There are 2 protein chains.
Amino acid sequence: MHLFWEHGYEATSLAMLREAMGLTPPQIYNAFTDKETLFRKALTRYHQTEIGFALEALSAPVPTGEAIRRLLLGAAEAYSRPGKPGGCLFVSGALAASPQAQAIADELKANRKASEAAIAERLAKGRAMGDLPEGLSVEGFAKYLAGVMNGMSIQARDGASVEELRTLAQTALAVFAIEGQKQGASSKE
Amino acid sequence: MHLFWEHGYEATSLAMLREAMGLTPPQIYNAFTDKETLFRKALTRYHQTEIGFALEALSAPVPTGEAIRRLLLGAAEAYSRPGKPGGCLFVSGALAASPQAQAIADELKANRKASEAAIAERLAKGRAMGDLPEGLSVEGFAKYLAGVMNGMSIQARDGASVEELRTLAQTALAVFAIEGQKQGASSKE
DNA sequence: CAGGTTTCGTATCGATCACTATGGATAAAT
DNA sequence: ATTTATCCATAGTGATCGATACGAAACCTG
């Protein structure tokens, strides 16, 4: 998982995986069928071990503002854990791919879309409960938040510290606080 | 350039480049020395033809708020041009790479850092001129803006339309407008 | 202890990678 | 017109990719 996370799907060779896992090639293929299946297993493990913060943040019984605060600050921490590759596997795994690896790229894209959809769902709940500022559209703000998280992932990959990511997250969150202060003001120019 | 932009450095094979350019392998190597040099030429061309908006936005004789507005809205348009790969080559070219392509990945990372530094420079000018809200730090806000642009690049790659990217950009810009409204309020929680 | 079976690591598979040597065709020069 | 020289596409280089065939060792059964 760390290798895929660090180098991406295609750039991670079986030789690297073999050495990291201490297995011989037939053992790998017996256990994981092929490279693509192995990557999907790593993706599942990534879900379970690295990004629980997102589901927790979005499902916690807290106001919407607190939920997205936990989401972004959780991302700041998760994307810069010591000893782990920076950023998010969904982004680093296969942002660009050869035609042969299109299926993997599409799968990661679907994961990113699902993350955005999960945010949108939480925002819609907030809208229904009345604690989403009027000036923010559910879809638009979800895309903004997902975009900020993706951006944080790249900043993390470029070496941003957890403090820098937290500052970035808090700057991004200011939009929420601000739109709440304004009454019905236009969010567009 | 389009191939590198779409598939990234490593996933773009010489066979693809050969077919796209209509050249034979020796012609390619006569003209560009090797794949790495060819990529650098494409990178230079990308600078010249695709992201002029950024330099224009940052060097225009306009208030800081207008400069970053042009920057983000220019990115929204540049990252979703019809007939072009979505997003930014700096991000898509080699976010993750094999050890052999580390030099290319580092070069693109340097480009991203340079973009952030250029934003920071413009913000510092704004601070000096007094039209950067007090609540925003030059470094922190530059990292936020660069992060948002990187995030927009990924959203564009995932198929976001120019309108969606513009909305995202305007949401991000709200931070600037808001921090300007507040007097000396803390930007952190 | 012998036989049959299963497991497992080495050595290698064809395909493709970035890259280049060579032979043939064309142009230039005498 | 004939020789010389220059270009340039085809064909192939070693290396590495993901994936596997085969021989040896181990193990359970009789």
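A, B, ... follow the sequence lines: proteins, then strands. Residue 1 opens every chain. All values reported here derive from a predicted model rather than from experimental measurement.
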Pairs under 3.5 Å (N/O, protein and nucleotides 19-23 of chain D):
from	atom 1	to	atom 2	distance (Å)
D/dA19	OP2	A/Tyr29	OH	2.9
D/dA19	OP2	A/Lys35	N	3.0
D/dA19	O5'	A/Tyr29	OH	3.4

- How is B/Thr12 classified with respect to the nucleic acid when contacts are heavy atoms under 4.0 Å: base, sugar-phosphate, or nothing? sugar-phosphate
- How many Å lie between CD1 on B/Ile28 and P on D/dA9, as a whole number? 11 Å
- Message: Could you tell me if B/Lys35 sits above the aromatic ring of B/Tyr9, with its cationic atom closer than 6.0 Å to the ring centre and no more than 45 degrees from the axis?
- Response: yes
- Item | Spacing between A/Leu17 atom CG and D/dC17 atom P, to the nearest angstrom | 11 Å
- Message: From OH of A/Tyr9 over to P of D/dC17, roughly how many Å is that when rounded to an integer?
- Response: 14 Å
- Query: Taking C-beta and beyond as the side chain, do A/Thr49 and A/Met1 meet within less than 4.5 Å on heavy atoms?
  - Reply: yes
- Task: Return the value, rounded to whole Å, for the distance between atom CE of A/Met16 and atom C1' of D/dG18.
- Result: 14 Å
- Of B/Thr24 and B/Gln100, whose nearest nucleotide on DNA chain D comes first from the 5' end? B/Thr24
- Is the distance from OP1 or OP2 of D/dC17 to the nearest side-chain N or O of A/Ser13 less than 4.0 Å? yes
- Any side-chain donor-acceptor pair under 3.5 Å between B/Ser137 and B/Glu139? no
- Judged by modelled atom types alone, do A/Asp34 and A/Thr37 share a side-chain donor-acceptor pair under 3.5 Å? yes
- Calculate the interatomic distance between B/Gln27 atom CD and C/dC19 atom P; express it in whole Å. 17 Å
- Query: Could you give the CZ-to-C1' distance, from B/Phe32 to C/dA18, as a whole number of Å?
  - Reply: 16 Å
- Query: Checking salt bridge (Lys or Arg N to Asp or Glu O under 4.0 Å) for the pair A/Glu121/A/Lys125: CA distance, chi angles, key distance, verdict?
  - Reply: CA-CA 6 Å; A/Glu121 198 173 341; A/Lys125 205 174 78 173; over 6 Å; no
- Item | Pairwise distance CZ(B/Arg69) to CG(B/Leu173) - rounded to 0.5 angstrom | 8.0 Å
- Calculate the interatomic distance between A/Leu23 atom CG and C/dG9 atom P; express it in whole Å. 9 Å
- Message: Just the rounded figure in Å: distance from C1' of D/dC7 to CG of B/Asn30.
- Response: 10 Å
- To the nearest 0.5 Å, how far apart are CD1 in B/Ile51 and CG in B/Leu89? 8.5 Å
